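The block underneath contains the structure these notes are about, expressed in structure tokens.
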Amino acid sequence: MAVKNKIKFTPGETLESWAERVYCFELEYARHEISLGKNPDEVLEQMSKRITEKMMHPIREQIRNNPPAFDVEESRKRYTEIMSAHKKY
């Protein structure tokens, strides 16, 4: 049985649901790889990297598609005000 390393985030899915699906998928994939005789330590290291990438993907997509509105000058002004207030004490 060949296991394909493909799983996709469903728009609107909660991160908790996505995490559970990723966990189940990657666990099964790792078991399959180990059953083929691959080094368990290498399989686990690869699995951890894949889980991290898969969990970060929807977050990166959200940021990429909806960049936060950020006013650099306003932020700089607020920072200066806050730091000036701390220096007085």
Side-chain angles (χ1 to χ4, degrees):
M1 167 183 98
V3 178
K4 292 184 179 180
N5 191 11
K6 298 286 181 185
I7 183 172
K8 295 191 181 219
F9 180 75
T10 305
E13 182 175 20
T14 66
L15 286 177
E16 292 81 5
S17 172
W18 172 237
E20 182 64 24
R21 286 196 316 119
V22 168
Y23 166 76
C24 291
F25 179 87
E26 289 299 336
L27 182 59
E28 188 60 34
Y29 186 78
R31 287 178 175 156
H32 175 72
E33 293 288 292
I34 292 169
S35 76
L36 294 175
K38 295 194 178 175
N39 180 324
D41 289 333
E42 290 176 12
V43 170
L44 291 175
E45 185 170 337
Q46 291 167 359
M47 181 179 78
S48 70
K49 289 177 183 178
R50 285 191 311 271
I51 288 173
T52 300
E53 284 300 312
K54 286 177 177 148
M55 292 308 301
M56 291 301 297
H57 179 73
I59 297 166
R60 285 189 198 116
E61 285 296 307
Q62 183 70 22
I63 291 169
R64 187 177 301 122
N65 295 332
N66 302 299
F70 185 74
D71 183 341
V72 174
E73 291 305 318
E74 180 63 28
S75 179
R76 187 174 287 142
K77 180 182 171 186
R78 288 185 62 227
Y79 174 81
T80 303
E81 289 170 359
I82 291 168
M83 294 310 289
S84 294
H86 285 299
K87 289 179 183 178
K88 291 178 183 177
Y89 297 105

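Position 1 is the first residue of the sequence, and the numbers go up from there. The structure displayed is predicted, hence computed values, not measured ones.
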Counting only pairs under 3.5 Å, give me each side-chain donor-acceptor contact of residues 40-47, with atom names and distances, residues two or more places apart or in other chains.
none

* Mind checking salt bridge (charged side-chain N to carboxylate O under 4.0 Å, His left out) for K8 and listing every partner two or more places apart, or none if nothing turns up? => none
* Non-neighbouring partners of S75 that pass side-chain contact (heavy atoms from CB on, under 4.5 Å), sequence neighbours left out -> F70
* To do: Kindly write out the residues that satisfy side-chain hydrogen bond (donor to acceptor under 3.5 Å, both in side chains) with E53, not counting sequence neighbours, or none if the list is empty.
  => R60
* **Pairing residues for K77 by the side-chain hydrogen bond (donor to acceptor under 3.5 Å, both in side chains) criterion, not counting sequence neighbours** => none
* Asked: Who else is in L36's hydrophobic cluster (ILVMFWY, side-chain heavy atoms under 4.5 Å, direct or via others)?
  -> none
* Listed partners of R78 passing side-chain hydrogen bond (donor to acceptor under 3.5 Å, both in side chains), at least two apart -> none
* Mind checking what makes side-chain contact (heavy atoms from CB on, under 4.5 Å) contact with S17, not counting sequence neighbours? -> E13, T14
* Please list, chain by chain and in numerical order, all residues satisfying side-chain contact (heavy atoms from CB on, under 4.5 Å) with N66, sequence neighbours excluded. => Q62
* To do: Under the side-chain hydrogen bond (donor to acceptor under 3.5 Å, both in side chains) rule, collect the residues that match up with T10, sequence neighbours excluded.
  => none
* Return the set of residues passing salt bridge (charged side-chain N to carboxylate O under 4.0 Å, His left out) with E81 (not counting sequence neighbours), or none when no residue passes. => none
* Asked: Given side chains that start at C-beta, do those of K54 and W18 come closer than 4.5 Å, heavy atoms only?
  -> yes
* Check the angle between the aromatic planes of F25 and Y29 and answer parallel, tilted or perpendicular using the 30° and 60° thresholds. => parallel
* Answer yes or no: is there a side-chain heavy-atom contact under 4.5 Å between E61 and F9? => no
* Asked: Residues sharing I82's hydrophobic cluster, by side-chain heavy-atom contacts under 4.5 Å among ILVMFWY, directly or via others?
  -> none
